[in-house]
Number of protein chains: 2
Amino acid sequence: MSKRRITIKDVSALAGVSVSTVSRVLNASGPISEETRKAVMDAAAELKYQPNLLARGLVKNQLGGVGVLIPWLGGPFFCSFLEGVQDVIRDTPFRLVISSEQAQKAREHDALTYLLENDADGVIYYGDSLRPEDIAEINPQDKPVVLLGQPRTEAHPCVTIDDEVGAFLATRYLLDNGHRQIAHITGEASQHVTETRLGGYRRALSQAGVPFDGRLVFHADYTEQGGYRSVQQLLGRGVDFTAVFCSNDQMAIGAYQALREFNKRIPEDVSVVGFDDISFAQYMHPTLTTVRVPIRNMGSVAARMVIDLIEGREAEHPTLEAELVIRRSVKRL
Amino acid sequence: MSKRRITIKDVSALAGVSVSTVSRVLNASGPISEETRKAVMDAAAELKYQPNLLARGLVKNQLGGVGVLIPWLGGPFFCSFLEGVQDVIRDTPFRLVISSEQAQKAREHDALTYLLENDADGVIYYGDSLRPEDIAEINPQDKPVVLLGQPRTEAHPCVTIDDEVGAFLATRYLLDNGHRQIAHITGEASQHVTETRLGGYRRALSQAGVPFDGRLVFHADYTEQGGYRSVQQLLGRGVDFTAVFCSNDQMAIGAYQALREFNKRIPEDVSVVGFDDISFAQYMHPTLTTVRVPIRNMGSVAARMVIDLIEGREAEHPTLEAELVIRRSVKRL
DNA sequence: ATGAAAGCGCTAACAA
DNA sequence: TTGTTAGCGCTTTCAT
């Protein structure tokens, strides 16, 4: 057990060259004659040499990790997102370092500071409690931080999805199907997603000449429970409605449950539309009409972005499209 | 930008002591007079000194990470598991390094090697393609590797759940409700979970004097699609059955869908039981009776274990219990 | 109780 | 084209 690790020194000894020569061939830095190159490679292979990344990182001042800071680790949305990230990290020399802090600002602040300080050469931050100003402050080295879930800025690398259009499409679909009283269940008003999706909803309404009715809008928290409770309130409020547009699928799941408990049939009595298209959406009963967000792909795109940025390349700030997926939870009136 | 990072040297200068003294107070190693201790602490605080973990790791020969190697990152099960891991890692100085390789043996082999070599002082491995022998081989330093999803061994740290009993309880519940033709949808025969859950199913059957019928057993892959296709086959096979016991909830989700397509009502025509109790189980329609596995807790337990082991403490090899959660997907015959 | 110095494994000037 | 050497920031003998 605990055999001493093979170092560059062992390789240099076996190959009969100096350590710097070994370093040079391994990093393809500096000129090397073909024969020494081969000798070194052979020696390294024979000893199964693996460079010590700590040592390398220490001298090159790089940590070797890509950090991901997300609000939650559980839950279908961020899991898919992570999977997309891992899809690209896998083929790079970076390690994937993950942190999640329940979207609590102070904790996220500390976590990001720590990531930037000790773990990562760049991070993907999905959340909106920390704004670019906050981040600048805890990022003295100006490492790349890719933002998601925040308003688009040219000033900061970010990948956004077209929430507003997605919500617009969803709402318009309902309108096109004859619905006029469309409830909207969304998240906390302070969150950026909430705002944009609510915006799309309102735009569709106004474009169709349907007046906005504040009594039909509920602010929950993007969980199943939140959707459930909102529908309960809605039902208790005595306002007529024929459809519910939920700002994410998890709330739609809760909405289904509440509706069932009140013996409302979906979609015969109430139509429901979700947002995200998490995998469960297609297995709900009835299958959920929703707005597809390319979640996993967002992860991949974000990962490719940080890596490009870390390695000094330029990166676009893409806006990904959201698309309506029509299934069976909406009835034509 | 890119201000030079504060090092131990800066602190020593400001405190008017040597670097070794600073190191001593920071690590509480060696004797220190109270006044110098204070001086150093003050200086460190004033400069907001953060030790460079790379440098420290280099000399102490530790990587600073806890690795987690799981089959998939997406999917409700492993997400919850990860969340449990993160719950405990959060309060330790370790970073959480994640790797997922679709349960492919060769890739997992490489990933684990890499984790052990470069990223982690200990790893949590959930999977069964790599057996203890394989792991021993790629773990020359004998770092702690906690195993999940494998047969229990005293020889190796592991956390197991009582799958066999869980499956037994599920099957017996069906039997108690008068079911005699109980189909079982499970995973690949080679997997350990498959074997133990199938074992529990058979034991309950035999204990009730119901003969085992191989035509009722389907080997799928623990995905919704797998459950869906198995039920299709089952229905096509023309064998009578009144209940389906799925070896995980995701397959139960697929089973629901297939059953619906064939106009079989749940549970009036066919009863269904799942396994795991992922969060969706309670939102299915009808809500799914299933075997609750303390997924998130497993993650926490495993994390605490690696950390104990890394830090040289002893660790138990716990077996967690699985418990039947009765909901509405089973009909009393 | 404190400091000087060696060294962890590696890279990157600088010489040769 | 190659070797020598000086660090990267830290911990840890070994002196004092």
Side-chain angles (χ1 to χ4, degrees), chain A residues 2-41 43-44 47-64 93 114 116-119 121 140-141 311, chain B residues 2-44 47-64 93 114 116-119 121 140-141:
Chain A
S2 211
K3 294 186 211 145
R4 196 179 58 72
R5 186 174 172 141
I6 302 297
T7 76
I8 199 173
K9 232 172 172 172
D10 301 308
V11 179
S12 75
L14 201 159
V17 298
S18 75
V19 291
S20 41
T21 302
V22 175
S23 173
R24 250 172 241 133
V25 350
L26 260 28
N27 296 283
S29 56
I32 288 290
S33 76
E34 185 49 38
E35 42 190 346
T36 37
R37 212 191 68 83
K38 187 167 178 343
V40 169
M41 292 308 264
L47 297 173
K48 297 189 189 194
Y49 167 73
Q50 294 295 127
N52 180 326
L53 266 28
L54 281 190
R56 179 178 288 174
L58 180 59
V59 53
K60 295 190 77 160
N61 191 31
Q62 54 186 24
L63 269 8
Y114 195 85
L116 255 10
E117 188 94 46
N118 300 302
D119 298 339
D121 298 316
Q141 313 218 52
E311 297 181 338
Chain B
S2 207
K3 296 186 210 143
R4 198 179 57 73
R5 183 174 174 142
I6 302 296
T7 75
I8 198 173
K9 230 171 172 172
D10 301 307
V11 179
S12 75
L14 202 159
V17 297
S18 73
V19 290
S20 36
T21 301
V22 176
S23 172
R24 249 171 241 133
V25 350
L26 260 26
N27 296 281
S29 55
I32 288 290
S33 76
E34 186 49 38
E35 43 189 343
T36 37
R37 210 191 70 83
K38 186 164 179 345
V40 169
M41 292 308 264
D42 288 349
L47 298 173
K48 296 188 191 200
Y49 167 73
Q50 294 296 125
N52 180 325
L53 267 27
L54 279 191
R56 179 178 287 176
L58 181 59
V59 53
K60 299 212 348 193
N61 191 31
Q62 55 185 26
L63 269 9
Y114 195 85
L116 256 9
E117 188 96 44
N118 301 303
D119 297 339
D121 297 318
Q141 313 218 53

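Computed from heavy atoms alone, side chains included, the values below leave out hydrogens, waters and symmetry copies. A, B, ... follow the sequence lines: proteins, then strands. Residue 1 opens every chain.
Between the CG atom of A:L26 and the CZ atom of A:R56 there is a distance of 6.5 Å, given to the nearest 0.5 Å. Annotation: the span from B:L58 atom CG to A:N52 atom CG amounts to 6.0 Å, rounded to 0.5 Å.
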Pick out the pairs of N or O atoms, protein on one side and nucleotides 13-15 of chain C on the other, that lie under 3.5 Å.
residue, atom, partner, partner atom, Å
C:dA13, N6, A:R24, NH2, 3.3

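Atom pair A:R56:CZ and D:dG9:C1' shows a separation of 18 Å (rounding to whole Å applied). Taking atom CD of residue B:Q50 and atom P of nucleotide D:dC10, one finds them 11 Å apart after rounding to whole Å. At whole-Å resolution of the value, OH in A:Y49 and C1' in C:dG9 are 7 Å apart. At whole-Å resolution of the value, CG in A:L63 and P in D:dC8 are 17 Å apart. As rounded to whole Å, 13 Å separates atom P of D:dT11 from atom CG of B:L54. One can place CZ of B:R37 at 12 Å from P of C:dT2, the figure rounded to the nearest angstrom.
A donor-acceptor pair is defined here as one N or O able to donate and one able to accept, closer than 3.5 Å; no such pair exists between the side chain of B:D42 and the backbone of B:A39. Of the possible polar contacts, one joining the A:R5 side chain to the A:P51 backbone as a donor-acceptor pair under 3.5 Å is found.
Here D:dG9 is the nucleotide among D:dT11, D:dG3, D:dG9 with the atom lying nearest to any side-chain atom of B:A55. When distances run from any side-chain atom of B:S33 to the nucleotides C:dT2, C:dC10, D:dG9, the shortest one goes to C:dT2. The side chain of A:V59 lies closest to C:dC10 when the candidates are D:dT11, D:dC10, C:dC10. Nearest nucleotide to the A:K60 side chain, out of C:dT11, C:dG9, C:dT2: C:dT11.
Contacts of A:N61 with the nucleic acid, taken as non-hydrogen atoms under 4.0 Å apart, are absent. Among the atoms of the strands shown, base atoms are found under 4.0 Å from some heavy atom of A:L58. Residue A:T36 is classed as a sugar-phosphate contact, given heavy-atom separations below 4.0 Å to backbone atoms only.
Classification of A:R37 and A:E34 as a salt-bridged pair holds, one side-chain N sitting under 4.0 Å from a carboxylate O.
Of the side-chain N and O atoms in B:S18, one or more sit less than 4.0 angstrom from OP1 or OP2 of C:dG3. Between B:N27 and the phosphate of D:dT11, there is a side-chain N or O to OP1/OP2 separation shorter than 4.0 Å. Phosphate proximity of D:dT11 to B:S23: present, with a side-chain N or O under 4.0 Å from OP1 or OP2.
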Requested in this report: Could you check A:R24 against A:V17 for side-chain contact (heavy atoms from CB on, under 4.5 Å), going step by step and ending with a plain yes or no?
Outcome: CA-CA 11 Å; A:R24 250 172 241 133; A:V17 298; over 6 Å; no

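Residues B:S18 and B:T21 have side chains that bring a donor and an acceptor to within less than 3.5 angstrom of each other.
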